[in-house]
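Notes follow once the structure below has been shown.
When a ligand or atom number is given, it counts from 1 through the structure's own listing order.
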Amino acid sequence: MVSKWVGLASLVAVLGTLTRFPPYVVGQTTLNDAWDTTKGLINLLPNSFIIHFDGDPGTDEGQKNAADFFTQLRSLGISYTIGFNYTAIMNAASIKVEDKYVDTMASLSMAQNVWSEYLSSGEKMDNTGVRALPALAPLEHEITGVKKVHGTLKYTGKGVKVGILDSGLDYTHPAFGGCFKTSGCRVQYGYDFVGDSYTGSNAPVPDNDPMDQCNGHGTHVAGTLAGNDGNFRGVAPDATLGIYRVLGCNGLTTSALILQGLELAFKDGMQVINLSLGISGGWGGWDAWAEAGMANIMTQKGVVIVGAAGNDGDSGMFGMSSPAVALGVVAVTAMEMPKFYSLYFNLTLEENVPIRRSDHQAYLPQLSILDKQLRPATNANGDDFGCGSVVDLTGTVGLVKRGSCSFTTKALNLIKAGAIGMVVYNDVAGEPGVLSFDQEISIPAFSITQADGKYVLDEIAKRGEVRVRIKNDLLPFNNTKPYNTPGFTSMGPSPEGQGKPDISAPGVNIYSCLPKKMGSYGTASGSSMASPYVAGVAALLIQAGKTTSTEQFYSALIHTATPQMTGDSYISVAQQGAGLVNAYGAVISDVVFSKRFLLGEFWDNAELYGTSNSHTFRETFSNTGAVSAYYTSSFSFAQSITSFDSNKQLTATPIVGNVRPKVTIWSTSVVTVHPGMSRAININLDHNGLVNGTFFIYSGYVLLTPRSNYKGSAMAIPLAGMAYQSFDAPILPPVSTGLPCLVRYSEGRCLSGTNAFTFKGGDFPTVVFRIQLPLFRLRIRIAKAATPNKIHASVVENHYFKLAKNMPHHKVTYYTYRWDGNVFHSDNPSKIFPISRGEDYVLMMMFYVTNNWNPFIYTTPPITATRV
Ligand SMILES: *[C@@H]1O[C@H](CO)[C@@H](O)[C@H](O)[C@H]1NC(C)=O
Ligand SMILES: *[C@@H]1O[C@H](CO)[C@@H](O)[C@H](O)[C@H]1NC(C)=O
Ligand SMILES: *[C@@H]1O[C@H](CO)[C@@H](O)[C@H](O)[C@H]1NC(C)=O
Ligand SMILES: *[C@@H]1O[C@H](CO)[C@@H](O)[C@H](O)[C@H]1NC(C)=O
Ligand SMILES: *[C@@H]1O[C@H](CO)[C@@H](O)[C@H](O)[C@H]1NC(C)=O
């Protein structure tokens with residue numbers, strides 16, 4: 001899964017000129033809230049960089065550039081240590097050097113890019129299902145066409161090499177052949193770069209064996225991609241696997257290790273790589289593996305890279321994870337399916353009525369409660385919270401409502417009343433969750449939904465008594481929201497306005513493998529579960545002979561997806577991309593589109609499109625097959641959505657509206673493309689009349705529906721655009737939030753007037769700020785208070801590039817910048833000195849939405865150093 005880390009992106013070697021503009025005015029400077037200044041710190045691996053040198057890896061020229069770079073550093077008196085030299089894909093090295101030299105390094109001509117290194121965290125599976133669950137047939141293959149590709153076309157990924165960078169794999173699981181690298185094994189490649197105890201900050205302990213028995217994430221996703229165990233068959237059940245373990249048991253790693261993993265996967269000849277790691281709120285050009293980095297170079301060399309969109313959907317739009325956000329990477333988002341497996345119990349009425357339930361405590365044996373009464377644990381007042389003494393429950397399963405007291409209290413009360421089990425029904429809507437206790441509880445206990453609780457209580461009221469049968473057993477249940485994009489899955493577009501995500505795949509309650517020690521099988525949700533599904537489909541396409549380095553491959557994979565609707569309108573392209581993956585359509589498709597996405601961002605690209613409010617795009621499609629293609633063409637809008645309310649404040653749930661341009665299509669409605677021929681569709685977007693001051697992303701699909709005389713796949717090309725200019729968008733929250741503000745580090749309360757700081761202990765000036773959209777760059781400078789618009793000097797950490805926006809659902813919904821009182825002048829970064837005592841200074845926080853737009857500037861109240 002993707003990291004929940006909300007820290008800082010990396011640095012790129014772009015140095016713009018500084019423009020001075022009027023300060024961004026903050027009306028309210030005093031808040032009652034104290035900010036926890038230790039939590040919101042801008043966060044990256046200090047003094048750690050990846051340098052991308054000019055020249056190809058492994059060539060004399062490339063090596064010379066790297067050597068010259070280091071010679072230059074030495075001649076400037078800058079000390080450094082080299083961690084790892086990359087020589088296969090990208091001419092680069094990981095190095096340790098003091099942060100203050102970043103601008104100097106970026107200015108050296110041999111450095112193409114200078115990226116900061118950061119910690120990245122994966123996710124760990126819940127270790128709750130420690131009982132052996134059976135190998136069941138996946139429920140989604142019928143809907144995605146995978147079943148038909150396996151059955152009718154007989155493609156199973158055989159002979160295709162798929163690389164997985166994740167937490168490793170329990171290859172002793174029967175779904176992976178039980179062996180590693182020996183003849184005939186499914187897993188033929190792999191390496192452990194980290195070791196079990198790697199935490200991201202200690203020394204990695206690499207070895208040859210990528211076994212995972214402690215984390216489980218890699219095993220679950222490898223199961224979806226390529227598991228093969230009786231009824232349980234992943235998407236590409238015969239693919240050859242390479243397992244590159246870059247996450248230890250706790251799921252933390254660094255950029256440098258991921259690049260090592262990618263490099264080995266490339267050397268091993270992996271054709272499809274599923275990247276297990278993500279950073280919330282990425283930029284395409286964010287880091288060493290995305291746009292300008294390894295992933296893109298590998299894509300150009302024909303390696304298909306698939307990544308998860310991320311699980312930050314409830315933080316609003318523009319929330320794609322890196323590296324999925326990179327253009328070359330296929331970004332996959334999760335979608336709900338019509339059916340999923342769940343644990344359950346039967347209410348034995350005239351017939352059995354299965355009721356979904358959570359798992360019970362891991363330390364208890366398998367559940368087997370057969371034909372026992374289920375009785376509400378009411379008390380003398382008639383409530384059923386189970387918080388005090390309850391009715392006699394001897395030999396029965398007690399039913400209680402969630403709330404009022406802890407689960408432990410409820411369970412102890414039920415045990416006292418003689419119960420042999422406890423069912424807690426939810427008091428709010430939501431999934432049945434595993435109950436947690438603060439001591440071991442001797443009777444099995446689990447939860448059910450609010451609606452099921454009500455149903456069971458109604459049956460008891462009607463009948464006087466009901467009985468249950470509970471085993472450790474799963475059944476398929478109907479989903480009430482089939483084909484919806486779940487709220488958790490990250491939304492596009494990319495910070496640069498590119499069309500993302502690319503495609504949707506099953507990602508909610510997905511049943512797949514777990515390490516044997518963790519129960520062998522279990523369900524999980526996330527875009528992590530969706531991305532290996534598409535990686536598997538990519539493997540099927542490769543076996544079917546599609547060429548990966550061309551648009552043919554991406555058209556087959558992406559444009560055959562099926563756009564899904566909510567009510568009677570299509571779900572926004574920013575949520576579902578091209579739609580639900582269609583493996584059968586992808587394998588049989590012959591039509592290739594010239595562009596992956598149509599983008600309506602011409603307002604922001606005046607240099608390309610001029611300043612007109614209207615622009616016509618041309619999309620050509622060609623037939624690479626042997627028979628003529630006959631289609632009907634049409635255009636349909638999808639929902640327009642925004643994450644900003646009328647106060648320009650970021651909201652957790654997107655707002656649906658009707659803001660859209662006028663769209664005109666020139667094409668005959670019946671389109672014929674003969675083999676080897678191309679046709680074009682012209683699409684005009686007219687932005688006249690859009691409402692200024694709203695921030696909607698509009699979208700839609702050009703749909704090609706096969707006519708009855710053609711057996712090809714239906715195709716759709718997504719279109720998306722901003723109904724506003726990006727520099728109008730509210731990067732900072734409304735003034736009513738009181739942010740940004742200046743605080744004392746140890747206090748966290750917003751200050752006004754002139755404030756003295758000792759720059760000792762907790763007494764540092766600190767700026768608390770929140771950004772509502774991904775930020776291209778934050779520059780921090782100081783000015784003298786008397787001339788607040790005139791830059792006086794740079795602070796030591798003066799450049800933050802590509803910050804992720806603050807995420808409402810994360811605990812850290814703001815950043816803090818703590819100034820240590822040291823400065824330098826840009827013409828001499830090696831000379832660091834403290835500011836003068838007794839003089840008044842202000843910090844200038846310069847927020848850049850894009851590289852070339854004027855910043856919003858926030859200037860703090862005056863700061864006086866009493867002691868430095
Ligand atoms: C990495 O390459 C540099 C030259 O670019 C060389 O001086 C150094 O010894 C190499 N380090 C390792 C660990 O291979
Ligand atoms: C595929 O990549 C996504 C993130 O990009 C990750 O969450 C998932 O674990 C990966 N799957 C495998 C099989 O490595
Ligand atoms: C529950 O009922 C279903 C449907 O009748 C049946 O298939 C299943 O075996 C039953 N399970 C238990 C634990 O009795
Ligand atoms: C589940 O959905 C199917 C149709 O897909 C329907 O036939 C069946 O009755 C539904 N089951 C329940 C329990 O609602
Ligand atoms: C939208 O309104 C703002 C403020 O009124 C103005 O500065 C901006 O130019 C307008 N944008 C367009 C595209 O009309």
Side-chain angles (χ1 to χ4, degrees), residues 48-75 78-97 105 108-112 114 131 133-134 136-137 139-140 142-143 193 203-204 206 256-257 259-260 263-264 336-360 366-374 397 421 423 444 446 448-449 451-452 455-456 459 466-484 509:
S48 308
F49 298 89
I50 308 282
I51 315 289
H52 180 192
F53 309 108
D54 278 335
D56 286 335
T59 62
D60 288 350
E61 188 213 349
Q63 276 167 13
K64 181 172 183 308
N65 281 324
D68 287 353
F69 177 88
F70 292 116
T71 308
Q72 282 276 342
L73 288 194
R74 286 193 301 274
S75 72
I78 300 175
S79 51
Y80 63 89
T81 52
I82 301 177
F84 194 85
N85 288 329
Y86 301 97
T87 53
I89 311 165
M90 185 165 81
N91 188 25
S94 64
I95 69 168
K96 300 267 181 228
V97 64
M105 292 193 293
L108 297 180
S109 61
M110 311 66 115
Q112 223 179 89
V114 175
R131 47 207 109 252
L133 290 174
L136 300 173
L139 296 166
E140 35 313 313
E142 180 115 26
I143 291 151
F193 291 90
L257 285 163
L259 293 184
Q260 286 183 42
E263 196 167 80
L264 184 56
E336 307 251 10
M337 289 293 102
K339 283 184 191 301
F340 57 86
Y341 287 113
S342 175
L343 293 165
Y344 72 99
F345 63 83
N346 278 340
L347 210 55
T348 54
L349 308 180
E350 289 72 31
E351 45 187 50
N352 287 327
V353 179
I355 307 282
R356 286 177 63 200
R357 67 166 173 93
S358 71
D359 203 354
H360 67 293
Q366 305 265 16
L367 258 178
S368 179
I369 297 179
L370 302 177
D371 200 29
K372 298 290 178 194
Q373 197 187 338
L374 177 64
V397 178
V423 178
F446 48 83
I448 62 175
T449 66
D452 285 340
Y455 171 78
V456 172
E459 290 301 320
V466 296
R467 301 182 84 79
V468 291
R469 289 177 61 84
I470 317 173
K471 288 205 296 201
N472 207 55
D473 196 9
L474 299 124
L475 276 181
F477 281 78
N478 285 350
N479 188 348
T480 52
K481 294 179 291 180
Y483 306 111
N484 271 20
N509 284 319

Could you list, one pair per line, each nitrogen or oxygen of ligand 3 together with any protein nitrogen or oxygen closer than 3.5 Å, giving atom names and the distance rounded to 0.1 Å?
unit_1: ligand 3; atom_1: 2 (O); unit_2: Asn346; atom_2: OD1; d: 3.2
unit_1: ligand 3; atom_1: 2 (O); unit_2: Asn346; atom_2: ND2; d: 2.4
unit_1: ligand 3; atom_1: 2 (O); unit_2: Asn352; atom_2: ND2; d: 3.2
unit_1: ligand 3; atom_1: 5 (O); unit_2: Asn352; atom_2: ND2; d: 3.3
unit_1: ligand 3; atom_1: 11 (N); unit_2: Tyr344; atom_2: OH; d: 2.8
unit_1: ligand 3; atom_1: 11 (N); unit_2: Asn346; atom_2: ND2; d: 2.8
unit_1: ligand 3; atom_1: 14 (O); unit_2: Asn346; atom_2: ND2; d: 3.1
unit_1: ligand 3; atom_1: 14 (O); unit_2: Arg469; atom_2: NE; d: 2.9

When only distance counts, is Gln63 in polar contact with ligand 1, meaning an N/O pair under 3.5 Å? no
Within the 4.5 Å heavy-atom criterion, are Glu61 and Asn65 side-chain neighbours or not? yes
Would Lys339 and Asn478 count as a side chain to side chain donor-acceptor pair (under 3.5 Å) here? Give the steps. CA-CA 5 Å; Lys339 283 184 191 301; Asn478 285 350; 2.8 Å; yes
Is the closest side-chain heavy-atom distance between Leu367 and Phe345 below 4.5 Å? no
Which atoms of ligand 1 sit under 4.0 Å from any heavy atom of Ala66? 5 (O)
Sub-4.5 Å side-chain heavy-atom contact between Tyr86 and Ile50: yes
When you compare the side chain of Leu347 with that of Tyr455, does any pair of heavy atoms fall below 4.5 Å? yes
Just checking, any donor-acceptor pair under 3.5 angstrom between side chains of Ser368 and Lys471? no
Set of residues satisfying side chain to side chain contact (heavy atoms under 4.5 Å, CB included) with respect to Leu136, sequence neighbours excluded: Pro134, Tyr341, Leu474, Tyr511
